[in-house]
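Reading through the structure tokens given below for one structure.
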Amino acid sequence: MSDKNNNSLLRIPRHLAIIMDGNGRWAKKKGFIRSIGHKNGVDTLREITTACAELGVSYLTVYAFSTENWSRPQSEVKALMTLLVSSLKKELTTLMKNEIRLSAIGDISLLPAKCRRELLEVMDKTAQNGRMTLSLALSYSSRIEMVHCMKKIGQKLIEGQITISDIDESLIANNLFTFGMPDPDLLIRTGGEMRVSNYLLWQIAYCELYFSDKLWPEFTREDLENALIDYQNRERRFGKTSEQIAEENTL
Ligand code: FPP
């Protein structure tokens, strides 16, 4: 990574979240059907995942298919599910070679049986890999995640496993799909839109946001590095003052 400041490797985000937007527009621009955009999006995902593992990111969570995406034309949904199965089959080698554990967040019970089977198989085969966790957000929406979370907590209350006073931030975090993961430090969205689209809303409370105009299939390792350099030059205050942060950094 080019060293535009002297802390390039010190402040790599522990958890990077990405909204991979722009596949459809990229395909349209090139005169292809939308599914070709998604296919090229998988190539970008491979390049960025490998780069993240090499750069020392511990958790990479990508928005691959939202709950709202189920309402896209059935032909596109089908193409995405077929691509998911073929990509899982094809990418196992890359995941193993780079010691990447595959995980998933979202309501994966809604995926076609074939997708779910392939996903669970790759998750199982990569479970012992310890360099980085790649989480695919599949059939994911943050609000639905919160509904699931509240139902789980409600059930524990009814069963007497917890009382109202046990409900705190950590109980909520532990009942989200992302339990056990640190919150994202940086969220990158490609495709030029500036919104968070129902993605990890609880988890991004203190996350730095980075928007790129590049469409996902044309986003490169260099673009990723530029986003990381931008992140490294930000001051994360978590509600404190600059002076407090400076003092903490000298301790
Ligand atoms: C947004 O682009 C992207 C998606 C809905 C899917 C992202 C999926 C991949 C990169 C492939 C990997 C995932 C699977 C399931 C194999 P868009 O179609 O909304 O683009 P647009 O905004 O230009 O229309």
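Values below: all heavy atoms of this structure, side chains included; hydrogens, waters and symmetry mates excluded. Being a predicted model, the structure only gives us computed values, none of them experimental. Both ligands and their constituent atoms are indexed starting at 1 by order of listing.
- Contact annotation for N69 and ligand 1: only side-chain heavy atoms (C-beta onward) come within less than 4.0 Å of the ligand.
- In summary, the atoms of ligand 1 found under 4.0 Å from a heavy atom of A64, numbered by their order in the structure, are 6 (C), 7 (C), 8 (C), 13 (C).
- The side chain of R34, and not its backbone, has at least one atom closer than 4.0 Å to an atom of ligand 1 (non-hydrogen atoms only; side chain from C-beta on).
- In terms of protein heavy-atom proximity, atom 20 (O) of ligand 1 is nearest to G24 N, 3.0 Å.
- The protein heavy-atom contact nearest to atom 11 (C) of ligand 1 is V42 CG2, 3.7 Å.
- A salt bridge between R117 and E121 is absent, with no side-chain N of the basic residue lying under 4.0 Å from a carboxylate O of the acidic one.
- A heavy-atom separation below 4.0 Å is not found between G191 and ligand 1.
- There is a side-chain donor-acceptor pair under 3.5 Å between W70 and S139.
- Taking a cutoff of 4.0 Å between a charged side-chain nitrogen and a carboxylate oxygen, E225 and R221 qualify as a salt bridge.
- Among L45, T44, N23, the residue whose heavy atom lies nearest to atom 10 (C) of ligand 1 is N23.
- Enclosure of atom CE in M150 is not indicated, since only 12 or fewer non-hydrogen atoms of other residues, nucleotides or ligands lie within 6.0 angstrom.
- Taking the charged nitrogens against the carboxylate oxygens, K240 and E247 have no contact shorter than 4.0 Å, which rules out a salt bridge.
- Annotation for Q128: atom CD does not count as buried by contact number, only 12 or fewer foreign heavy atoms lying within 6.0 Å.
- Of the heavy atoms in W26, none comes closer than 4.0 Å to ligand 1.
- The protein atom (non-hydrogen) at minimum distance from atom 3 (C) of ligand 1 is M20 O, 3.1 Å.
- The W216 neighbourhood of ligand 1 comprises atoms 10 (C), with distances under 4.0 Å to a heavy atom of that residue.
- Here I188 contributes atom CD1 and M20 contributes atom CE; the two are 12.0 Å apart, rounded to the nearest 0.5 Å.
- Summarising the contacts of atom 19 (O) of ligand 1 with R72, K39, R25, H38, the nearest heavy atom is found in R72.
- Taking 4.0 Å as the cut-off between side-chain N and carboxylate O, K156 and D166 do not count as a salt-bridged pair.
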